[in-house]
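Each residue takes its place number in the sequence, starting with 1. Since the model is a prediction, treat every value here as computed from it, not as a measurement. Note that these values count all heavy atoms, side chains included, but never hydrogens, waters or copies made by symmetry.
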Amino acid sequence: MALGMQRRLRGHQRTAPAPVLPVVRPRATRATGPSVARGSRRHLLQQLAGATLLVHARSVADPSSVASASATLAAPTEEASTSTTVLGNSALDPPTYVTATGRIIAVGDLHGDLDKAVEALKLGRVISVSDEGEVSWVGGDTVVVQLGDVLDRGDVEIGIINLLRYLDTEARKHGGAVYMLNGNHESLNVCGDFRYVTPGAFAESALYAGLSEADLKDWQLVAKVRYSLYKPGGDLAREFSRNPTVLIVNDTVFAHGGLLPTHVEYGIERLNSEVAAWMRGDDIADGNKAQPPFLAMGDANSVMWNRTLSKERFATPYERYHACNALKQALAKVRGKRLVVGHTPQLGGVNCECENQVWRIDVGMSYGVLNRPVQVLEIVPPEEGSEDAKVRIIRNTPNSMSSADDDITIASNL
C-alpha cells in the first residue's frame with residue numbers, strides 16, 4: 001500500500017527540486033516505515049510528495065470510496081484510545097471535538113520546510129529517524145496538532161502533507177492521531193493566490209500533477225496546473241477539506257489565527273463544515289458552488305487571519321484587557337481552558353498571555369520565514385488526583401539542530 005512506501009528524509013537540500021520523472025507510482029513497502037533515498041531529491045519528490053497523497057485525493061474523489069475514507073478519518077479503530085466526533089451535515093466534514101488520553105503536541109507554522117517539520121516531530125518525541133533515514137511513529141497515543149500554514153515560503157509542501165498523513169495512519173494504530181488545521185495560506189492557495197509560492201513548490205506541485213521535465217519551463221502551464229490542483233474541488237483542495245478550521249482536543253482549543261466570541265456564536269462545527277464544503281467544491285441547493293464563511297477567512301477578525309491575541313506586547317492595558325476578556329468569553333462558550341494559535345511569528349519564542357489562556361506557538365521556524373530554532377508545545381494529561389493539565393514548551397538549544405539537546409520548560413500548570 002502506498003502509505004507504507006519507503007521514504008528517506010536525511011540529506012534533504014533546501015533548493016528548488018531537481019527535475020524528476022513525472023509519473024508517480026506507489027513503491028513496494030517495508031514494515032519499518034517511510035524513508036527517502038539519502039540525498040536524493042528525485043526519490044523525495046516521487047515518493048514523499050506524490051504517490052501517497054494521490055491515493056488520498058482519489059479516495060475522496062471516488063464516490064464509491066467516500067464512506068470508507070471518511071470513516072477512517074472520523075472514527076479510529078476500536079483499539080485506539082483517541083476518539084473523534086464529527087459534527088456537520090456531511091460525512092466528509094472534518095472533526096471538531098477530539099478526546100485524547102495521552103499527550104498533545106502542538107506544532108506551529110511549517111511553511112514548506114520539511115527539515116523543520118521532521119525536527120519538530122522528533123522534538124515532540126513522536127517520531128524516530130534511523131541512521132538509514134527511516135521514519136517510525138513512536139508517540140504511542142499522543143495527539144499531534146499542526147496549526148496550519150504548511151504551504152508557501154518553502155519548497156516542500158506536498159511532502160510535508162504526505163508525511164503528516166502517513167504519521168496519522170501510523171498513530172491511529174496506537175490510539176494517537178495527527179491533525180492539520182487550515183491556515184490563511186491554505187485558504188490563499190485555494191483562492192488561487194500564489195504570491196508566496198516558491199519556484200521549488202511550483203515545481204513540486206507540477207511534478208505531482210504529472211508534468212514532464214520539459215513542461216517545467218512553461219511558466220503559464222505550471223501556474224495553471226497548480227491552480228487546477230488547489231482550486232475548490234481540486235485534488236489538494238479536497239485534501240485540505242479534511243482539515244478542521246477550529247479543533248478542540250479535550251479542553252484545549254486550536255485555531256490558526258484566533259478565536260472570538262462571534263466565531264463561537266456562529267458555530268464552530270458550522271465553520272468547519274462550510275470551509276470543507278467550499279474546498280470540496282460542493283454544489284448547494286440554489287445551484288451555485290459553496291462559498292467559505294466570512295468569519296473563517298474573510299478579514300483580519302476571521303479565525304485564520306486574526307492577530308488580536310498574538311501581540312507579544314499590547315499597546316495599552318486597555319487593549320490587553322479587551323483582548324483577554326474576549327478570549328475568556330469565547331473559551332467559556334466552548335468549555336475550553338486554553339487556546340493555542342500560530343500565524344504570527346513570536347520573536348521571543350513560544351509564549352503565553354491572558355493568565356495562560358492563550359499560547360502563541362509560531363516561532364518562524366521555516367527557512368522561508370525567520371529560520372528560527374524549533375519549538376513545540378506539549379500538553380500533558382493531569383496526574384492522578386489532579387484536574388489540571390501541564391503545559392510545557394519544548395525547545396532545541398539555539399546552536400543545535402538535534403532533538404537530543406532538548407530544553408524542556410514547564411511553562412504552567414493549568
Side-chain angles (χ1 to χ4, degrees), residues 7-10 12 31-35 76 79-82 98-110 113-147 150 160 162-181 247 249-250 252 254 338 340 342 349-350 352 359 361-363 365-366 372-383 389-414:
R7 300 188 289 265
R8 291 179 186 165
L9 299 169
R10 296 172 63 86
H12 168 61
T32 50
S35 61
E79 294 79 14
S81 56
T82 299
V98 173
T99 300
T101 58
R103 299 182 305 140
I104 303 169
I105 293 292
V107 178
D109 304 29
L110 295 174
D113 192 332
L114 178 61
D115 286 344
K116 292 294 181 68
V118 172
E119 186 182 347
L121 295 166
K122 289 173 63 180
L123 192 62
R125 302 187 298 281
V126 296
I127 67 168
S128 66
V129 182
S130 71
D131 291 340
E132 291 73 31
E134 294 172 345
V135 179
S136 301
W137 174 262
V138 296
D141 63 353
T142 301
V143 170
V144 174
V145 181
Q146 195 281 319
L147 269 292
V150 166
I160 294 174
N162 195 35
L163 174 63
L164 295 178
R165 293 299 196 217
Y166 166 80
L167 291 174
D168 179 54
T169 301
E170 294 300 297
R172 288 178 183 274
K173 297 175 183 177
H174 304 279
V178 178
Y179 296 97
M180 288 183 283
L181 301 189
L247 181 67
V249 185
N250 297 342
T252 301
F254 297 88
R338 64 195 69 84
V340 181
V350 175
C352 60
W359 293 84
I361 70 167
D362 178 10
V363 296
M365 71 176 84
S366 169
R372 298 293 297 276
V374 172
Q375 299 182 12
V376 299
L377 194 71
E378 179 186 52
I379 303 173
V380 181
E383 297 177 355
K390 291 182 178 180
V391 181
R392 299 185 175 102
I393 303 169
I394 309 180
R395 302 180 176 92
N396 265 351
T397 57
N399 296 324
S400 173
M401 296 294 286
S402 170
S403 59
D405 297 315
D406 298 349
D407 169 34
I408 301 179
T409 300
I410 300 180
S412 73
N413 294 328
L414 300 182

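Between the CG atom in D115 and the CG atom in L110 there is a gap of 11.5 Å [rounded to 0.5 Å]. The CE atom of M365 sits 7.5 Å away from the CG atom of D362 when rounded to the nearest 0.5 Å. Atom CD1 of I361 and atom CG of L377 lie 6.0 Å apart (nearest 0.5 Å).
Heavy atoms only, all atoms of each residue included: A389 and I379 are closest at CB-CG2, 4.1 Å. Of all the heavy atoms in L147 and V340, the pair that sits closest is CD1-O, 3.5 Å. For the residue pair L181 and V145, the shortest heavy atom distance occurs at CG-CG1, 4.3 Å. Nearest approach of I394 to R125, heavy atoms of both residues: CD1-NH1, 3.8 Å. Heavy atoms only, all atoms of each residue included: I393 and V350 are closest at CD1-O, 3.4 Å. The shortest non-hydrogen separation linking A100 to V143 is CB-CG2, 3.7 Å.
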Handout entry: Check against side chain to side chain contact (heavy atoms under 4.5 Å, CB included), R392 and V380
Key = CA-CA 8 Å; R392 299 185 175 102; V380 181; 2.7 Å; yes

Handout entry: Audit row: L121, L164, side chain to side chain contact (heavy atoms under 4.5 Å, CB included) steps and yes/no
Key = CA-CA 10 Å; L121 295 166; L164 295 178; 4.1 Å; yes

Exercise for the section: Show the numbers, then the answer: is there a side chain to side chain contact (heavy atoms under 4.5 Å, CB included) between L163 and V118? Expected result: CA-CA 9 Å; L163 174 63; V118 172; 4.0 Å; yes

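Remark: the backbone N or O of T252 is not paired with any side-chain donor or acceptor of N250 at under 3.5 angstrom. No donor-acceptor pair closer than 3.5 Å links the side chain of E170 to the backbone N or O of W137.
A salt bridge between E119 and K116 is absent, with no side-chain N of the basic residue lying under 4.0 Å from a carboxylate O of the acidic one.
Residues passing the side chain to side chain donor-acceptor pair (under 3.5 Å) test with R103 are T142, E378, sequence neighbours excluded.
Within the 4.5 Å cutoff, side-chain heavy atoms of I104 are placed close to those of F254. Two residues are said to be in side-chain contact when any heavy atoms from C-beta on lie closer than 4.5 Å; L167 and V135 meet this criterion.
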